[in-house]
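One structure is given here, and the rest of the page talks about it.
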Number of protein chains: 2
Amino acid sequence: MAEPAGADRDPEAVSRFVEQFAAQLVEAGLPRMPARVFAALLSSDTGVLTSAELGERLKISPAAVSGAVRYLAQQHMVSREREPGSRRERYRVHGDQWYEALANRETVIRRWEDGLREGVASLGPGTPAGRRLAETLAFFEFVEKEVEAMMGRWRVHREERFGRG
Amino acid sequence: MAEPAGADRDPEAVSRFVEQFAAQLVEAGLPRMPARVFAALLSSDTGVLTSAELGERLKISPAAVSGAVRYLAQQHMVSREREPGSRRERYRVHGDQWYEALANRETVIRRWEDGLREGVASLGPGTPAGRRLAETLAFFEFVEKEVEAMMGRWRVHREERFGRG
DNA sequence: CGCTTCTTTCAGAAATTTGTGAAGACAGGG
DNA sequence: CCCTGTCTTCACAAATTTCTGAAAGAAGCG
């Protein structure tokens, strides 16, 4: 029964999961290729794969891997490591950082807030519409603070439950 | 100086805001038409517009309005009301409900969780990959609980600051 | 210093998504 | 019971996005 450590167990099962989970990510707004690459990394044993491995498992061209990885790195969902002494690059899911990136989306929220502030100013803070926007803005500011606190609590919770990975 | 209540002040300013804020929403994953319709509602004085008004302000066809509104209603970001005694339909942003819909995304999170659970099972809970997925799953479960609590706090905070709208 | 291996960039083909016009459906009002 | 006004659905056209193959660009290694 034992698990031949190092090799993925049932490649088909893995693939099924990858595709299915990637589909969810797509539905949530992620572009397809990045979603697939990400899911593949997530379900790999080490959490690290090379460009070639990704291309092979997902049956996509090097170009597609390159594009997807760039996207994911920009979103801070993976990091790229240069294997010293080799031209190979390795991409890694940061075990405990990627979901912070997902959950935060700090930059995005900031831009929303900026947009809303402008809106309040230009529609007039005293108008009904202005007031509605101001309330929305307040909500995002609130969330921003809360999420930060929540992440702190998560780290504690996580450590209790999993030990620090 | 006063604000001619009822009429939007500077239609151009409103439009600028609508388009700019909609663009942010698009970037965050919302389809374009729904984003524009939503922004238009958000920046209207009453928070309620008819299909015709939307089409006129955004320069889009009735078909486009129909599609966008259906999408937004499914996401619980607007609600539709039938003006009794008229065939006109009115669409409303729920002042304080839409961001709950945004923040919750409960259904989405649930599906992610389901996907992850399957993944853990099929990759094997004892494998490194399985453990990674399990941790991710734990994270989402954690977030789900936290968000609920957060929303409670928000309602309190909101009431203090704005009175119950 | 040139060879080899891997990655990135670029232009185009293919597929998907998006919005329109036109026809159909539904509901009130005469 | 038909007419009118409003929303929805459908099929198609247009635009955008997405992925590939090919060529150029780095970086180690002999």
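Letters A, B, ... mirror the listed sequences (proteins, then strands); counts begin at 1.
- Distance, A:Arg88 CZ to C:dT8 C1': 17 Å, rounded to whole Å.
- In this entry the distance linking OH of B:Tyr91 with P of D:dT6 reads 12 Å, nearest Å.
- Residue B:Ser51 places its side chain closer to D:dC7 than to any other of C:dT4, C:dT9, D:dC7.
- Distance, B:Glu56 CD to D:dC7 C1': 17 Å, rounded to whole Å.
- Here the P atom of nucleotide C:dC6 and the CG atom of A:Leu54 are 14 Å apart, to the nearest Å.
- Rounded to whole angstrom, the span from the CD atom of A:Glu27 across to the P atom of C:dT17 amounts to 12 Å.
- Side chain of B:Ser66 to backbone of B:Pro62: no donor-acceptor contact under 3.5 angstrom is found.
- Listed by chain and number, the residues in a salt bridge (Lys or Arg N to Asp or Glu O under 4.0 Å) with B:Glu141 are B:Arg117 (sequence neighbours excluded).
- Heavy-atom nearest nucleotides on DNA chain D were determined for A:Arg82 and for B:Ala52, and the one closer to the 5' end corresponds to B:Ala52.
- Listed for the B:Ser43 side chain is a donor-acceptor partner under 3.5 Å among the backbone atoms of B:Ala39.
- Here the C1' atom of nucleotide C:dT17 and the OH atom of B:Tyr71 are 13 Å apart, to the nearest Å.
- Of the charged side-chain nitrogens involved, none lies within less than 4.0 Å of a carboxylate oxygen, so that B:Arg16 and A:Glu118 do not count as a salt-bridged pair.
- A salt bridge is absent between A:Arg161 and B:Glu135: the closest approach of a Lys/Arg side-chain nitrogen to an acidic carboxylate oxygen does not fall below 4.0 angstrom.
- Remark: A:Phe38 pairs with A:Trp98 by the ring-ring contact (aromatic ring centres under 6.0 Å, His included) rule, at least two apart or across chains.
- Within 6.0 Å of CZ on B:Arg111 lie more than 12 heavy atoms contributed by other residues, nucleotides or ligands.
- Backbone-only contact: A:Gly85 has heavy atoms under 4.0 Å from sugar-phosphate atoms and none from a base.
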Using a cut-off of under 3.5 Å, enumerate the N/O to N/O pairs linking the protein to nucleotides 15-22 of chain D.
from   : atom 1 : to      : atom 2 : distance (Å)
D:dT20 : OP2    : A:Ser61 : N      : 3.2
D:dT20 : OP2    : A:Ser61 : OG     : 3.1

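- Taking atom CD of A:Glu89 as the reference point, atom C1' of D:dG25 lies 14 Å away to the nearest angstrom.
- Comparing atom distances between the A:Arg87 side chain and each of C:dT5, D:dT9, C:dT9 picks out C:dT5 as nearest.
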